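Data block below; observations after.
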2 protein chains.
Amino acid sequence: MSATVVKALSLIEALSAGTAPIGISQLARELRLNKSTVYRLVDTLCRHRFVRQDPQSGRYALTTKLWELGVGVVQRLELREVARPVLEAVAQDSGEATLLGIVQDLDVLILDKVDSNQPLQIFSRVGTRVALHCTSIGRALLAFQSEDYVAQAMTKIARRTERTLVGRAELAAELARVRRTDAAECIDEWSLGVAGVAAPIRDLSGKVVASLCVTGPSSRFVARRLPKLRRMALEGARQVSDRLGYRPSGG
Amino acid sequence: MSATVVKALSLIEALSAGTAPIGISQLARELRLNKSTVYRLVDTLCRHRFVRQDPQSGRYALTTKLWELGVGVVQRLELREVARPVLEAVAQDSGEATLLGIVQDLDVLILDKVDSNQPLQIFSRVGTRVALHCTSIGRALLAFQSEDYVAQAMTKIARRTERTLVGRAELAAELARVRRTDAAECIDEWSLGVAGVAAPIRDLSGKVVASLCVTGPSSRFVARRLPKLRRMALEGARQVSDRLGYRPSGG
DNA sequence: CAACTGCGTTTCACTATTTGAAACGTGGCG
DNA sequence: CGCCACGTTTCAAATAGTGAAACGCAGTTG
């Protein structure tokens with residue numbers, strides 16, 4: 001194993017354990033390493049902004065970089081944990097499968113799934129990707145991304161079925177509708193016979209971080225039933241957002 | 001500089017950037033490193049629990065360890081930022097200096113300070129340490145530590161002045177009183193002529209993470225004025241706790 | 001006020017460590 | 001069944017890490 005990396009990692013752990021800035025010499029004593037070695041390692045960590053030297057004391061401390069790099073992991077874990085019971089409840093109530101998805105590059109990454117208990121089921125596995133532009137789970141996310149991101153995603157629009165919405169203007173209008181109603185729908189656009197309704201999930205800061213989707217065969221997503229399914233997706237997403245600390249502010 | 005460590009750091013950043021687990025080969029391509037090198041580095045990170053291999057896909061992803069190591073930095077920054085205006089306001093209202101302290105090893109670490117505008121001032125600098133057992137800022141923290149920690153701290157009790165409380169039973173009783181009233185006081189115990197009152201600051205989870213202290217010359221901390229100063233420390237600590245997300249639950 | 005101490009930092013010859021092409025076993029796919 | 005790409009292992013060659021010693025500096029001490 002990379003001995004130098006091991007030393008660098010223990011160094012980071014030592015810096016994390018002490019809350020106050022610490023000097024090279026003391027660090028070397030604690031870790032039983034040579035002073036030069038510690039200096040070189042700390043210097044490397046400094047150059048990469050993992051560590052900062054206090055200009056007054058000359059001592060070193062961690063920056064927020066570790067946290068920045070690690071916070072995503074925790075958020076995703078928390079999201080899955082928090083969303084799981086809601087996915088199950090919505091699947092139970094609706095009789096359809098439910099999905100949890102996040103934006104990943106220019107796709108939707110399926111983070112979690114609860115199958116329906118009905119005989120006719122729709123594919124899709126955890127860890128797979130689906131398109132942003134022609135799925136309900138994707139549009140519920142895409143509608144709340146930055147203009148730049150949407151523009152980039154638009155370049156990737158591909159026709160999947162005869163019913164896929166491929167016009168940019170039409171898609172833009174549809175995204176506006178999603179923002180207005182907080183809900184997205186897609187029928188036969190991703191794959192013929194597959195339909196879904198989805199709603200955005202927001203975190204403490206109000207940012208859309210995921211979306212919850214109710215999906216099943218198009219034959220069951222008929223006009224009479226759609227409003228009910230839409231309400232279920234919305235209510236599920238609202239519950240997850242609430243548990244993530246989101247507090248809607250009037251409007 | 002430690003080239004190997006640099007590679008390990010970029011590897012961590014690459015793992016953090018992608019939200020889904022990623023394979024050795026792809027990682028090697030992205031970083032333009034040899035597959036063996038990436039494998040050895042990732043293996044090292046795995047052995048130290050910074051990274052975990054998804055047993056199904058064989059791909060690798062960050063664990064929460066980075067976050068755990070970095071979260072303290074952010075919390076301390078946030079604490080200082082949040083506490084600063086309160087320290088200033090309390091200093092203004094009381095006419096005395098205010099301090100913000102946290103537990104560090106078996107001492108109090110002074111994280112921030114606002115001086116009084118009165119001529120007669122008391123020493124103490126940011127970054128220095130004071131004792132847990134014979135200062136108000138220390139007792140406000142010590143009173144809410146674990147039994148084990150308090151037992152360890154008790155072994156470090158030292159007489160600083162003729163008025164220092166050195167009896168274990170007396171100190172234990174005093175800590176109980178601090179827990180009851182949520183406020184600590186110390187007069188002439190740390191240094192003759194120095195007095196202070198302090199109150200604990202709690203975070204979102206209700207844990208005591210810091211304490212706020214109003215300190216000045218004993219000559220100004222007379223019986224007639226003490227209740228008012230105590231109320232100011234309590235109110236200041238309450239405000240900081242509130243801004244950290246603490247919500248007191250009845251009792 | 002000079003000697004001392006301990007700090008962060010730099011140097012450099014030595015050597016232990018990292019490197020990368022190649023190959024292995026495996027699992028998925030057409 | 002053959003193919004491809006994956007994670008993993010190997011090993012000689014080469015590079016990168018090591019640590020004792022010394023530097024300049026600041027603060028402390030007799």
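All chains are named by letter (A, B, ...) in the order of the sequence lines, taking the proteins before the strands, and each is independently numbered beginning at 1. Note that this is a predicted model, so its numbers are computed, not measured.
- Rotation axes derived from the C1' atoms of the five outermost pairs at either end of the helix from C/dC1-D/dG30 to C/dG30-D/dC1 lie 30° apart, to the nearest 10°.
- Regarding B/L27, its CG atom lies at a distance of 16 Å from the C1' atom of D/dA5, rounded to whole Å.
- A nucleotide of DNA chain C counts as in contact with chain A when one of its atoms lies under 4.0 Å from a heavy atom; the first and last such, 5' to 3', are C/dC7 to C/dT18.
- Using modelled atom types, one side-chain atom of A/S211 and one backbone atom of A/I137 make a donor-acceptor pair closer than 3.5 Å.
- Following rounding to the nearest Å, A/L31 (CG) and D/dG17 (C1') show an atom-to-atom distance of 17 Å.
- Considering A/R139, A/R163, A/H133 as possible partners of A/E189, the one that fulfils the side-chain hydrogen bond (donor to acceptor under 3.5 Å, both in side chains) test is A/R139.
- The nearest whole Å value for the distance from the CZ atom in A/R32 to the P atom in D/dT18 is 18 Å.
- Between B/V114 and B/A91 the shortest heavy-atom distance is CG1-CB, 3.6 Å.
- For B/N34 and D/dT8, the CG to P distance is 15 Å, given to the nearest whole Å.
- Between the P atom of D/dT18 and the CG atom of A/L33 lies a distance of 8 Å, rounded to the nearest Å.
- Note: CD (B/Q56) to P (D/dG7) measures 15 Å, nearest angstrom.
- Between the side chains of B/D148 and B/S146, no donor N or O sits under 3.5 Å from an acceptor N or O.
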Please output the side-chain donor-acceptor pairs of residues 150-159 of chain B that fall under 3.5 Å, not counting sequence neighbours, one pair per line with the distance.
from	atom 1	to	atom 2	distance (Å)
B/T155	OG1	B/Q152	O	2.5
B/K156	NZ	B/D107	OD1	3.0
B/R159	NH1	B/T161	O	3.1
B/R159	NH1	B/E162	O	3.3

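- At whole-Å resolution of the value, CG in B/L41 and C1' in D/dG7 are 15 Å apart.
- Atom pair B/K35:NZ and D/dC6:P shows a separation of 7 Å (rounding to whole Å applied).
- Of all heavy-atom pairs spanning B/A14 and B/L27, the tightest one is CB-CD1, 4.1 Å.
- With contacts defined as side-chain heavy-atom distances shorter than 4.5 Å, the pair A/W67/B/V73 does not qualify.
- We find the OG1-CG distance between B/T98 and B/L87 to be 4.5 Å, quoted to the nearest 0.5 Å.
- Taking 4.0 angstrom as the limit, A/K7 places a side-chain polar atom (N or O) nearer than this to OP1 or OP2 of D/dT18.
- Mapping A/M1 and A/S57 onto DNA chain C by nearest heavy atom places A/S57 at the nucleotide closer to the 5' end.
- Expressed to the nearest 0.5 Å, how far CZ of B/F50 lies from OG1 of B/T63 amounts to 7.5 Å.
- Residue A/Y60 is the one, among A/Y60 and B/S36, whose nearest nucleotide of DNA chain C lies closer to the 5' end (criterion: closest heavy atom).
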